[in-house]
Amino acid sequence: MAVVQPDLQPDLPAGVAAARARLFEHGVYFAPVRHHSPACAHALQAMLRELRPAAVLIEGPEGYTDMLPLLLDERTRPPVALLCQTQAAGAEGARTASAFFPFCDYSPEWVALREGAAVQAQLAFIDLPWQARADTADAHDADARSLMAERYLAHSRYLNALAARAGCRDQDELWDHLFEARSRAALADWRSVFGDVFSYCAMARLDYEPAVLEAEGSLPRERHMAAHIARWRKQVDGPVVAVTGGFHTSALIELLDANPVPAAPAAPATAGASWLIRYSFERLDALNGYGAGMPAPAYYQAVWDALQSPAPGEHQLAVAVDQLTRLAQDSRARGVQERISTAQVQAAVLQAARLAALRGHAGPGRQDVLDAMRSCFVKGAIDDGMQGLFDDVRRQMTGSRLGDVPPSAGSPPLVQDARAAAHRHGLRLDDGDKRLARLDLYRKERHRLRSRFFHLMQYLDTDLARWQGGPDFMAGSRLELLFEEWTYAWTPLVEARLIELAADGTTLAEVALARLLREEQALGAAGRARSAGSAAALLVRACQVGLHERLPDLLSLLSRHLDDDADFTSVVACGHALVTLWRAREPLGVREHPGVLALMRRVWPAALFLLPGLADTGKDGEGAQVGQLLALREFGRAARSALPVREAGLAFEAGDLHRRLQALTATRTCAPGICGAAAALLFLDGAWGEQDLSRLLEQRFGAGATPQDAVRFLSGLMAAAPELLLTQPGLRRSFNTLVGRWDEASFIRYLPDLRLAFTGLKPQETSDLAEALAVLNGAAPDALQVEFHYDVSEDEMLAGGRLNAALAACLERDALSVWLEPSTEKPHG
């Protein structure tokens with residue numbers, strides 16, 4: 001795809017260009033940047049080495065100036081980030097608000113620190129303190145994660161129009177086309193680079209009204225930064241360089257050109273805490289949802305390394321060759337089927353270079369390399385089995401690098417809390433080796449506590465531990481198992497995830513509680529605000545992860561939902577969850593909580609009250625509701641077995657269920673599948689005999705019954721008790737007689753449904769039933785037991801093998817070996 005070079009010198013706001021020139025004359029230089037841009041970083045490097053300023057001022061919370069010793073420590077290796085946390089007022093009271101300020105090698109801010117220190121300039125961060133912005137984080141979620149958000153550039157109508165005019169697919173490609181694709185010499189011309197970035201961002205700013213920028217906090221920040229720059233301008237003897245996001249630069253110039261410059265507001269009284277933490281390329285990737293900067297961190301790291309290399313020639317071509325070669329080497333090393341050959345790599349390098357020349361680039365940029373990969377590595381349709389290749393490209397360009405910080409950097413409270421908890425539970429933290437833990441849940445309290453810690457860390461997606469086997473409390477299954485098995489390993493990725501979670505609190509319990517509260521609130525958003533089943537699942541989860549302080553509130557919530565819930569499925573699910581809590585009260589730490597028993601007793605009458613509503617079930621929902629009917633019966637049996645005999649008999653009296661099931665079978669308009677399942681349960685519980693069942697079968701299959709309803713009735717019956725036709729001869733004779741009355745067309749039409757109804761039988765049971773029905777219709781007892789044997793000699797088998805090998809060799813020779821692969825496509829027609 002060819003792109004054109006758009007005009008990067010549009011008409012700027014009146015007076016801004018002249019004000020910028022006047023400030024330059026007075027020793028105030030602006031470096032408008034895009035965060036994490038190698039082009040801006042290289043231009044800034046050249047700028048600082050030429051100007052050797054007295055002060056370098058960086059857009060970033062002013063409190064970060066205290067972190068300069070850690071940032072400049074020789075043991076600090078990017079990617080790293082400054083993490084700030086403070087208590088902020090929210091809709092539901094105080095909460096922990098967090099912000100991240102990341103650096104990588106090619107971040108202009110990182111270059112400003114390192115190069116500024118190298119020329120002995122004074123360094124300072126000049127932005128509004130994070131504490132002053134934390135209370136507005138709810139309105140701007142991206143700010144709560146990153147202090148480098150570029151959402152205004154991303155949504156600029158001017159830049160979108162510029163991208164369309166240039167023939168670029170998105171703004172990342174536009175940025176690469178205009179800036180990253182310049183030659184090494186052109187990037188060192190910092191006056192030209194920053195002049196173009198200034199124009200690029202200043203025009204984007206015109207899309208936004210001052211009232212909007214005031215409300216979201218940009219204008220207060222800019223007044224604060226302008227006051228800092230004015231103060232530094234007076235107190236140092238020599239040039240001052242201000243490194244700021246390009247979106248803010250034009251406003252800063254206008255403020256500094258005014259007379260007098262607005263005074264900086266007082267810092268907020270509340271103080272927050274800051275830490276220098278390790279960061280990763282994965283979390284730095286714009287394509288993973290990061291709110292600022294460039295995508296593909298590993299790719300741009302390679303670009304930066306090439307820019308810093310003294311090797312002759314343009315850096316882009318060297319990066320393109322390296323990226324394409326490494327992708328091919330990886331495909332061969334992993335033994336993937338679609339390996340990339342050396343010839344394909346050579347073709348892709350040539351293609352990338354030609355695309356770069358066509359688009360006016362000094363060398364192949366990221367999009368040129370990606371387009372060359374699609375052109376040379378993709379065989380057939382681009383979406384035909386090539387997802388694996390694109391995943392490999394994404395992983396390679398994103399990278400997995402983790403930074404490092406000095407030991408004196410400390411850790412955020414959440415990481416410290418997790419480390420302390422891991423130590424309490426006997427986990428090794430000094431290496432990343434994977435270990436196996438086998439926990440005796442019912443007999444050892446120490447193992448139960450470790451289990452809750454593992455479940456808590458899994459609930460928070462920290463990737464510390466993975467459940468391998470044992471009782472499944474959320475599903476209520478395998479509760480008879482005594483042991484639980486986990487694999488676990490404490491790795492840097494665990495700490496990285498904990499740092500991401502730090503926005504929700506300073507302890508594991510606080511973060512887990514925040515997530516649980518969000519799940520409670522999500523019930524309403526998903527239309528399940530009165531779902532007893534969902535509330536019961538939250539209750540089990542809270543106990544599983546050790547949030548027992550939440551137990552009274554969740555029991556109260558569940559009690560209210562149980563009064564209001566009109567969904568039979570939800571009420572039955574609630575009952576099963578409560579039975580699980582009671583049966584697993586030791587490992588879940590509930591003991592014999594009276595609130596659990598009280599709610600369990602209330603579920604039974606609530607479900608029985610809703611049971612008549614199943615009569616109106618539609619055809620499409622019959623299968624699911626038959627399953628719920630069986631689940632209700634199972635709940636009653638499980639509850640009776642969990643409680644003392646006398647109490648269970650009073651609270652879960654089976655006669656109440658039988659009376660309602662009989663009412664369903666007596667309702668002529670009852671859904672056939674529900675009626676069949678109810679009849680089967682009555683028979684299984686001894687409330688009905690075979691004659692009762694045969695009489696209902698006569699009604700549902702006899703005169704006036706449609707074959708369709710008859711098959712639905714049989715499906716419900718077989719779903720509840722698939723063995724009945726095998727074990728009850730009278731019922732089998734009635735069924736055979738009634739089906740025999742159908743005409744041939746009806747039988748053929750509903751044969752698939754009949755076959756589906758019998759899928760609950762095992763293969764041998766199906767054979768036995770078929771033989772019994774054949775005997776009823778006059779066949780000999782062994783008429784269906786016909787065996788077929790095919791006699792193939794050893795010579796014939798060997799000849800067939802040789803023929804098959806010869807055919808495979810022919811297909812391989814003709815490059816048609818793909819024909820030998822099993823097809824994943826569905827047949828047409």
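Along the sequence shown, the residues carry numbers beginning at 1. The structure displayed is predicted, hence computed values, not measured ones.
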If only atom types and distance count, is the side chain of [X] paired as donor or acceptor with the main-chain N or O of [Y] below 3.5 Å?
| X | Y | answer |
| --- | --- | --- |
| Y300 | H36 | no |
| S107 | W110 | no |
| R205 | F247 | yes |
| D305 | A302 | no |
| H228 | H224 | no |
| Q396 | L327 | yes |
| Y106 | P297 | yes |
| E59 | G245 | yes |
| T65 | F125 | yes |
| E180 | A39 | yes |

Which heavy atom of [X] sits nearest to which heavy atom of [Y], and what is that distance?
| X | Y | value |
| --- | --- | --- |
| W275 | A409 | CD1-O, 4.1 Å |
| V119 | R52 | CG1-NH1, 3.7 Å |
| I58 | A112 | CD1-CB, 3.9 Å |
| D127 | M225 | CA-CG, 3.7 Å |
| A46 | A188 | CB-O, 3.5 Å |
| A81 | P102 | CB-CA, 3.7 Å |

Notebook entry, point to check: How about R326: does its CZ atom have over 12 heavy atoms from other parts shown lying under 6.0 Å from it?
Noted result: yes
Just so I know, are the side chains of [X] and [Y] near enough to count as touching, which here means a heavy-atom distance under 4.5 Å?
| X | Y | value |
| --- | --- | --- |
| S250 | F198 | yes |
| L219 | R223 | yes |
| D330 | R395 | no |
| P108 | H35 | no |
| P295 | R366 | yes |
| F194 | T249 | no |
| V243 | V56 | yes |

Checklist line | Given R401, R114, R77, the one that forms salt bridge (charged side-chain N to carboxylate O under 4.0 Å, His left out) with D105 | finding: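 Among R401, R114, R77, the one that satisfies the salt bridge (charged side-chain N to carboxylate O under 4.0 Å, His left out) with D105 is R401.
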Check: Charged N to carboxylate O under 4.0 angstrom, R359 versus D176?
Finding: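 Salt bridge between R359 and D176, a charged N being under 4.0 Å from a carboxylate O: no.
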Check: Between D391 and R394, is there a salt bridge with N-O shorter than 4.0 Å?
Finding: no
Next item on the list: Show your working on side chain to side chain donor-acceptor pair (under 3.5 Å) between W232 and Q122 and close with a plain yes or no.
Entry: CA-CA 10 Å; W232 277 95; Q122 296 188 62; over 6 Å; no
Item checked: Cation-pi, F179 ring and R34 (6.0 angstrom, 45 degrees) ->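 No - R34 does not lie over the ring of F179 by the 6.0 Å and 45° rule.
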Notebook entry, point to check: Taking the inter-plane angle between the rings of Y64 and F101 on a 0 to 90° scale, is it parallel (under 30°), tilted (30 to 60°) or perpendicular (over 60°)?
Noted result: perpendicular
Item checked: Approximate separation, where rounding is to 0.5 Å, of D170 CG and L159 CG -> 12.0 Å
